[in-house]
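Every heavy atom of this structure was used, including side-chain atoms; hydrogens, water molecules and symmetry mates were not.
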Amino acid sequence: PKAIEVAFSGRTEAGRRGTVRAETAGQVLTIPAQEGTSVRQGDVLCRLDPDSRNAIVAEARAAIVKAATDYNATVTLYEEGFAADAAVKSAAAARDGAQARLTQARQDLDNIAITAPFDGLVAEELVEPGDVISSGAGCAVLADLSDIVVAGGVPANQADLLSVGDAAKVMIGNRDPFAATVSFVSDVADLNTRAFRVELKAKNADGLSDGLNARAAIVAGTATAATVPRTALVFNDNGQLGVRTVNPVEGSADGQVAFVPITLSGEDNSGVQVVGLNGPANVIIRGQNYVSAGTTVLFEMVADDDRGDL
């Protein structure tokens, strides 16, 4: 068995990134946290004009005082036999409604301060002072770089070999390589590249930035590898790397061509080591580019001391 190494190129990303959105509408008054600023959870990123919200809270406070007074008076009348039970229930409902409106008014006032939901860096400002925004509109993009993610794409035959938790090594420019682990392997291929997204995660001890080019190598377990000439490698119509083999047709001197997807696991002077040939196989090493899967061919076995019969 030989260690399988899946290599890919990708880019660094923040371990966590999100758009912080307004929970109420209004005009942007100030932006206390400028782009590139480090912030703590709860720090204000954008502040909206309170407008009439303070007055609404004051009115709601007055309304609840009146509603509570009316309720107490109705209860007293009920106890003295001068009010019906329905009147008490109506007064209680009015009091509770006034309390709910006060709670809502206070919440709306609090929401003019749009705060950071986690520690991070203001990666992008989305508004300017004076802008009028609606509820749900973005104020800023916040990135948490305490963890770093390296994301890239691998072909299907390599994605199938990967599992969350696999160990990896990441190289960025002239920096020392650092260890990471596989945190995500997509089950869905990109529509344009047909590659499957893979994410590696590591603690950002070196203070790496978002958007750096990176190379990664993932150790995806072990498997039995076969050695074939590099010239035997081909791509099928879907862009998948593999080799073409020929299987003898029983009772005939002919053989039928098949395509076998493979994964590269190494290379030396004898050839490339591939994983995916499960058992003995007649690999086509000459003329493989002139045939396709399903083609019937005449073939000749070639003996090779290093690789056996191919």
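- Applying the salt bridge (Lys or Arg N to Asp or Glu O under 4.0 Å) definition to pairs two or more places apart or across chains, those involving residues 224-237 are R230-E267.
- With rounding to the nearest 0.5 Å, the separation of CZ in R21 from OG in S135 is 10.5 Å.
- The shortest side-chain heavy-atom distance between N204 and S146 does not fall under the 4.5 Å cut-off.
- Proximity of a side-chain donor or acceptor of S90 to a complementary backbone N or O of A86 within less than 3.5 Å is not detected.
- Cluster note: V132 groups with no other residue, as no ILVMFWY side-chain heavy atom lies under 4.5 Å from it.
- Both V122 and V127 are assigned to one and the same hydrophobic cluster, defined by single-linkage of ILVMFWY side chains at heavy-atom distances under 4.5 Å.
- One finds the CZ atom of F118 at 9.5 Å from the CD atom of Q41 (value rounded to the nearest 0.5 Å).
- For Q256 (side chain) and T296 (main-chain N/O), no donor-acceptor pair under 3.5 Å exists by modelled atom type.
- Here the OH-CG distance, from Y71 to D96, works out to 8.5 Å after rounding to the nearest 0.5 Å.
- Minimum interatomic distance between R95 and I64 (heavy atoms only, all atoms of both residues): O-CG1, 4.4 Å.
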TODO: For side chain to side chain contact (heavy atoms under 4.5 Å, CB included), just list the numbers for V44 and I114, CA-CA rounded to whole Å, side-chain angles, deciding distance to a tenth of an Å, and then say yes or no.
DONE: CA-CA 6 Å; V44 177; I114 305 170; 5.9 Å; no
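- Residue pairs meeting the salt bridge (Lys or Arg N to Asp or Glu O under 4.0 Å) criterion with at least one member in residues 143-168, sequence neighbours excluded, are R16-D144, D147-K203.
- E199 and K201 are not joined by a salt bridge, as no carboxylate oxygen comes within less than 4.0 angstrom of a charged side-chain nitrogen.
- The same ILVMFWY cluster, assembled from side-chain heavy atoms under 4.5 Å apart, contains both V185 and V150.
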Original post:
Please walk me through it: do L212 and R175 pass side chain to side chain contact (heavy atoms under 4.5 Å, CB included)?
Top reply: CA-CA 12 Å; L212 299 177; R175 295 177 173 86; 4.2 Å; yes
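- Each of F196 and I218 belongs to its own hydrophobic cluster when Ile, Leu, Val, Met, Phe, Trp and Tyr are linked at side-chain heavy-atom distances under 4.5 angstrom.
- Under the 4.5 Å side-chain heavy-atom criterion for Ile, Leu, Val, Met, Phe, Trp and Tyr, M171 and V219 are members of distinct hydrophobic clusters.
- Atoms OH and OG1, from Y290 and T295 in turn, are 14.5 Å apart once rounded to the nearest 0.5 Å.
- Note on residues 210-294: no pairs pass disulfide (SG to SG under 2.5 Å), not counting sequence neighbours.
- Considering T12, D206, D210 in turn, T12 is the only one that fulfils the side-chain contact (heavy atoms from CB on, under 4.5 Å) rule with I148.
- Side chain of D190 to backbone of A195: no donor-acceptor contact under 3.5 angstrom is found.
- For R11 (side chain) and G211 (main-chain N/O), a donor-acceptor pair under 3.5 Å exists by modelled atom type.
- By the 4.5 Å heavy-atom criterion applied to side chains, L102 and V57 are counted as neighbours.
- Of all heavy-atom pairs between T74 and A91, the closest is OG1-CB, 3.8 Å.
- Across A202 and A179, no two heavy atoms sit closer than the pair CB-O, 3.4 Å.
- Counting only heavy atoms from C-beta outward, the side chains of V246 and V297 approach each other to under 4.5 Å.
- Between the side chain of N236 and the backbone N or O of N238, at least one donor-acceptor pair lies under 3.5 Å.
- Sorted by first and then second residue, the disulfide (SG to SG under 2.5 Å) pairs involving residues 185-251 (not counting sequence neighbours) form an empty list.
- Going from atom OG of S186 over to atom CG of L162 covers 12.0 Å, rounded to the nearest 0.5 Å.
- Side-chain contact annotation: D108 with Q104, donor-acceptor N/O pair under 3.5 Å absent.
- Within the structure, disulfide (SG to SG under 2.5 Å) pairs that include any residue of residues 105-143 comprise C46-C139 (at least two apart or interchain).
- Under the 4.5 Å side-chain criterion, counting only non-hydrogen atoms from C-beta, L126 is in contact with E124.
- Of the possible polar contacts, one joining the Q288 side chain to the T231 backbone as a donor-acceptor pair under 3.5 Å is found.
- Closest heavy-atom contact between G42 and T115: O-CG2, 3.5 Å.
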Exercise for the section: Could you go through the side chain to side chain contact (heavy atoms under 4.5 Å, CB included) check for L48 and I133 one step at a time? Expected result: CA-CA 9 Å; L48 305 183; I133 60 175; 3.9 Å; yes
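- Of the possible polar contacts, none joining the R194 side chain to the G239 backbone as a donor-acceptor pair under 3.5 Å is found.
- Look at D110 and R106 and you find no salt bridge, because none of the NZ, NE, NH1 or NH2 atoms lies under 4.0 Å from a carboxylate O.
- The main-chain N or O of R53 is never found under 3.5 Å from a side-chain atom of D51 such that the two would form a donor-acceptor pair.
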Checklist entry - Do Q240 and F259 pass the side chain to side chain contact (heavy atoms under 4.5 Å, CB included) test, and can you show the C-alpha distance, the side-chain angles, and the key distance before you say yes or no? => result CA-CA 10 Å; Q240 196 171 23; F259 176 82; 4.3 Å; yes
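- The environment of CD in E35 is crowded: more than 12 heavy-atom neighbours from other residues, nucleotides or ligands sit within 6.0 Å.
- With a 4.5 Å cut-off on side-chain heavy atoms, P129 and I31 count as touching.
- Within the model, atoms CG of D119 and CG of L142 stand 8.5 Å from one another, a figure rounded to the nearest 0.5 Å.
- Within a 6.0 Å sphere centred on CZ of F178, heavy atoms belonging to other residues, nucleotides or ligands number more than 12.
- Across all non-hydrogen atoms, the minimal contact from A113 to R47 is CB-NH1, 3.8 Å.
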